[in-house]
S.K.: 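There's a structure below that I have some questions on.
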Amino acid sequence: MMNFKTMNFKVCVLAFVVAGTIGVAGQATAGDAATAGQATAPGEPGPNTPAATGLEAAPVLVAGACDTPQHHQFDFWLGDWQVFDASTDKLVAFDRVEKRYDGCVVEQNMTFVTDLYRRPGASYRLSGMSINRYDGEQWLELWADNQWGAIAMRGSPDSNGAMVLKTITPSRHRDLKIVWENHADGTVRILQYVAPAGSGRWQKYGDLVYRKNR
């Protein structure tokens, strides 16, 4: 039979063992918490963060509002150009076409050096500009000049890739159609057509060839 002294000794030993076990577990828990704290502490990289491994996170690139394939459909027209009358191969104008406003607007500035398209009675040659913008469905153009006024046009590329714009409303009781052709040799050909308003009977009135101004 266990006496009182023996029982007290065993209880003390058991208490000592339990206390030691709790201490070791406490140290491990504290160490784990410290490690977790290092991984989550603000401003300090954990063992698996890019800074700790020497790897940088790749930047996220977001496309601009006007950087879709549709917004680039008129890019072939961009540049500094000499403009020739296709029928005579005579230099008739200079044209500068560039993108502006974060690539959203194609701006044209054209100056004629001959009397082609000069309005009867005008003492100066034709100069004008256009603003072109893709509106999410089609291209819009507003042309304004120093002689004939302003023309609003709308359209999109045809099955051959040529840009085709037509007047939204008649201009002086006429409909206008302009076709931009992108040629493999780096030139751009612009065909101009006119028809009585609403008739669809197109007749060519202009044929211009654009060559890079070197």
S.K.: What are the two closest non-hydrogen atoms of T167 and I151, and how far apart are they?
M.R.: CG2-CG2, 3.5 Å
S.K.: Does V83 share a hydrophobic cluster with W77, counting links as ILVMFWY side-chain heavy atoms below 4.5 Å and allowing steps through other members?
M.R.: yes
S.K.: Roughly how far apart are L208 CG and I178 CD1, rounded to 0.5 Å?
M.R.: 9.0 Å
S.K.: Let me confirm one number: the CZ-CZ distance from R125 to F112, rounded to the nearest 0.5 Å.
M.R.: 11.0 Å
S.K.: If we ignore angles and hydrogens, is there a donor and acceptor under 3.5 Å between the side chains of H71 and Q73?
M.R.: no
S.K.: When you look at K212 and W81, which way does the side chain to side chain contact (heavy atoms under 4.5 Å, CB included) test go after all the steps?
M.R.: CA-CA 5 Å; K212 290 289 187 180; W81 301 97; 3.6 Å; yes
S.K.: Is the number of heavy atoms from other residues, nucleotides or ligands under 6.0 Å of D102 CG greater than 12?
M.R.: no
S.K.: Are L140 and I168 side-chain neighbours, meaning at least one heavy-atom pair lies under 4.5 Å?
M.R.: yes
S.K.: Verify the cluster assignment for L165 and I190: are they in a single hydrophobic cluster under the rule of side-chain heavy atoms below 4.5 Å apart?
M.R.: yes
S.K.: Once you round to the nearest 0.5 Å, how far does OG of S127 lie from CG of N109?
M.R.: 9.5 Å
S.K.: Hey, mind stepping through H183 and E181 against side-chain hydrogen bond (donor to acceptor under 3.5 Å, both in side chains) and telling me if it holds?
M.R.: CA-CA 6 Å; H183 289 186; E181 295 180 348; 3.1 Å; yes
S.K.: Has K177 got its NZ or CZ under 6.0 Å from the middle of the six-membered ring of Y193, at an angle within 45 degrees of the ring axis?
M.R.: yes
S.K.: Could you see if W202 belongs to whatever hydrophobic cluster contains Y205? Use Ile, Leu, Val, Met, Phe, Trp, Tyr and a side-chain cutoff under 4.5 Å.
M.R.: no
S.K.: Report yes if the side chains of Q203 and Q192 come closer than 4.5 Å at any heavy-atom pair, otherwise no.
M.R.: no
S.K.: On the 0 to 90° scale, with breaks at 30° and 60°, tag the W180-F74 ring pair as parallel, tilted or perpendicular.
M.R.: perpendicular
S.K.: So which heavy atom on V113 is nearest to which on A93, and how close?
M.R.: CG2-N, 3.9 Å
S.K.: To check you understand the geometry: which heavy-atom pair defines the closest contact between I131 and M129, and what is its length?
M.R.: CD1-CE, 3.8 Å
S.K.: Measure across G103 and C66 and return the closest heavy-atom pair with its distance rounded to 0.1 Å.
M.R.: O-CB, 3.8 Å
S.K.: Using the ring of W148 (Phe, Tyr or Trp, six-membered ring only), decide whether R119 places NZ or CZ under 6.0 Å from its centre and within 45 degrees of its axis.
M.R.: yes
S.K.: Taking the side chain as C-beta and beyond, is there a heavy-atom pair between P196 and H173 under 4.5 Å?
M.R.: no
S.K.: Indicate whether the side chain of D145 and that of W143 have a donor and an acceptor atom separated by less than 3.5 Å.
M.R.: yes
S.K.: Thinking salt bridges, do E98 and R100 make one under a 4.0 Å N-O criterion?
M.R.: no
S.K.: Strictly by modelled atom types, are Q108 and N132 linked by a side-chain donor-acceptor pair under 3.5 Å?
M.R.: no
S.K.: Looking only at atom types and distance, does a side-chain atom of D175 sit under 3.5 Å from a main-chain N or O of G198, one as donor and one as acceptor?
M.R.: yes
S.K.: Does the pair K166/E141 count as a salt bridge with the N-to-O cut at 4.0 Å?
M.R.: no
S.K.: Calculate, to the nearest 0.5 Å, the distance between atoms CZ and OH belonging to F76 and Y210 respectively.
M.R.: 11.0 Å
S.K.: Tell me whether R172 at atom CZ has more than 12 heavy atoms from other residues, nucleotides or ligands lying less than 6.0 Å away.
M.R.: yes
S.K.: Could you grab the distance from atom OG of S130 to atom CE of M153, nearest 0.5 Å is fine?
M.R.: 10.5 Å
S.K.: Decide if atom NZ of K90 counts as having more than 12 heavy atoms of other residues, nucleotides or ligands within a radius under 6.0 Å.
M.R.: no
S.K.: Indicate if V194 and L126 have the same hydrophobic cluster label, given that clusters are the connected sets of ILVMFWY residues with side-chain heavy-atom separations under 4.5 angstrom.
M.R.: yes
S.K.: Any chance OH of Y101 has more than 12 other-residue heavy atoms, nucleotides or ligands included, within less than 6.0 Å?
M.R.: no
S.K.: Take E107 and R133, measure what salt bridge (charged side-chain N to carboxylate O under 4.0 Å, His left out) needs, and give me the verdict at the end.
M.R.: CA-CA 9 Å; E107 181 180 289; R133 175 68 153 92; over 6 Å; no
S.K.: Where do R189 and D207 land on the salt bridge (charged side-chain N to carboxylate O under 4.0 Å, His left out) test, with the steps shown first?
M.R.: CA-CA 7 Å; R189 187 174 184 179; D207 190 348; 2.5 Å; yes
S.K.: Please report the interatomic distance CD(Q147) to CZ(R118), rounded to the nearest 0.5 Å.
M.R.: 7.0 Å
S.K.: Take H72 and K99 through the side chain to side chain contact (heavy atoms under 4.5 Å, CB included) test and state the conclusion after the steps.
M.R.: CA-CA 10 Å; H72 291 285; K99 276 193 171 179; 3.4 Å; yes
S.K.: Short question: side chain of N160, backbone of A162 - any donor-acceptor pair under 3.5 Å?
M.R.: no
S.K.: Do the side chains of M110 and V97 join up, straight or via other hydrophobic residues, at under 4.5 Å, putting them in one cluster?
M.R.: yes
S.K.: Answer yes or no for R211 and F84: cation-pi contact, defined as NZ/CZ to six-membered ring centre under 6.0 Å and angle to ring axis within 45°.
M.R.: yes
